[in-house]
2 protein chains.
Amino acid sequence: MKDNNDMPGHLARRFQQIAVAVFLAEVEEAGFDLTPVQYAALATIKANPSLDQVTLAGLIAYDRTTITGVIDRLVQKGLVERRASSRDRRARELEITGEGRRALRKVTPAVKSAQRILLRGLSAKEGEELMRLLRKAIAAGNDLSRAPLRDMPA
Amino acid sequence: MKDNNDMPGHLARRFQQIAVAVFLAEVEEAGFDLTPVQYAALATIKANPSLDQVTLAGLIAYDRTTITGVIDRLVQKGLVERRASSRDRRARELEITGEGRRALRKVTPAVKSAQRILLRGLSAKEGEELMRLLRKAIAAGNDLSRAPLRDMPA
DNA sequence: TGATATTGCTCAGTATGCTGACTATCAGTA
DNA sequence: TACTGATAGTCAGCATACTGAGCAATATCA
């Protein structure tokens with residue numbers, strides 16, 4: 001435990017640091033200006049029409065206070081619309097715009113490329129194993145962060 | 001690739017998110033107010049007397065612009081001293097204080113505990129394998145981020 | 001129904017992390 | 001030595017993430 005490299009927490013930070021750098025580089029090369037967080041939100045909004053912000057946050061494990069700013073920026077870029085819910089006047093319904101759909105479609109190859117680059121030091125089998133172990137560790141720790149992953153409410 | 005759980009980048013973010021939450025919770029329970037970043041900096045400053053900021057950044061893979069604020073806060077807490085270097089008037093030499101040493105010693109059990117909790121969903125063998133795969137992927141991607149890990153200069 | 005608790009969202013404040021720009025200094029070389 | 005390039009550090013600006021507080025609206029239950 002002397003070395004940082006023996007600390008899973010340090011390795012987590014480094015891996016995430018590289019993941020973000022690779023994502024941004026690939027997406028920028030494809031001519032887009034989207035962060036990993038914005039991409040995940042946009043994809044999830046597209047897959048779940050009329051989603052409210054809290055449910056969105058749960059689906060991708062963001063803090064609800066973080067989501068506000070992320071949506072602000074997606075709205076400002078014209079990729080998402082935010083409107084009051086008719087059923088619950090506290091809630092906002094989110095909808096992807098046509099431009100949002102186009103951006104999502106066009107940027108997807110860059111996102112996939114980023115995932116490949118992130119695992120480029122590993123064999124296919126090792127990459128699978130890494131993902132399996134991460135999923136398992138994350139599942140066990142899900143409720144330890146303020147922003148746990150949550151299912152769609154019934 | 002439909003699911004976020006198939007994206008290593010997403011898993012990286014979640015794992016790091018949980019790692020930080022666990023770290024802060026354990027450290028706070030031990031009665032300290034130190035972030036993961038501050039802890040790593042403090043431990044590295046202790047291990048390398050008269051370190052300058054750029055070398056410190058390289059040893060723990062921080063951006064040099066991030067280090068400035070981290071050191072500011074460590075200095076403000078009285079855990080580190082920052083003084084001008086005599087050899088190079090551009091550089092600042094960093095030194096841990098007595099209080100910094102005490103804090104580091106007392107907080108170490110909490111840090112170790114956090115690492116165990118982070119891997120609590122995995123067997124010992126799986127934990128080792130996860131760390132091995134992370135190290136391998138990180139090594140292959142080291143130069144893809146603006147703040148790569150660097151060795152001590154000779 | 002009326003009091004209470006909960007929920008959806010926002011905001012202020014703090015701490016990473018990054019880009020890009022700038023100053024001061026140092027190092028190498030013509 | 002004067003010029004050029006590289007280096008150490010800081011700063012402004014932007015985007016996550018979090019804590020804690022607050023407001024408005026809804027849900028629950030005595």
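Naming convention: chains lettered A, B, ... in sequence-line order (proteins, then strands); numbering from 1 in each chain.
Rounded to a whole Å, the CG atom of A:D63 is 12 Å from the C1' atom of C:dT10. The distance from atom CZ of B:F23 to atom C1' of C:dA15 is 13 Å, rounded to the nearest whole Å. Atom-to-atom, OH of B:Y62 to P of C:dA15 comes out at 14 Å; the value is rounded to the nearest Å. Spacing between atom CZ of B:R90 and atom C1' of C:dA24 amounts to 8 Å, rounded to whole angstrom units. Across the protein-nucleic acid pair, A:R82 atom CZ and C:dG8 atom P stand 15 Å apart, rounded to whole Å.
With a cutoff of under 4.0 Å to any heavy atom of chain A, the contacted region of DNA chain D is bounded 5' to 3' by D:dA15 to D:dT26.
OP1 and OP2 of C:dT14 both lie 4.0 Å or more from every side-chain N or O belonging to B:Q76.
Evaluation of the side-chain contact (heavy atoms from CB on, under 4.5 Å) rule for B:L51 yields B:T44, B:N48, B:T55, B:L56, B:L59, B:M152 as partners, not counting sequence neighbours. Under the rule for a side-chain contact (heavy atoms from CB on, under 4.5 Å), the partners of B:R90 that lie at least two apart in sequence or sit in another chain are B:D88.
Which of C:dG17, C:dA15, C:dT10 sits closest to the side chain of B:T35 comes down to C:dA15. Considering only the side chain of B:D88, C:dC26 comes nearest among C:dA15, C:dG17, C:dC26. When distances run from any side-chain atom of A:D52 to the nucleotides C:dG17, C:dG20, C:dC9, the shortest one goes to C:dC9.
If you check every strand for non-hydrogen atoms under 4.0 Å, B:R92 touches sugar and phosphate atoms only.
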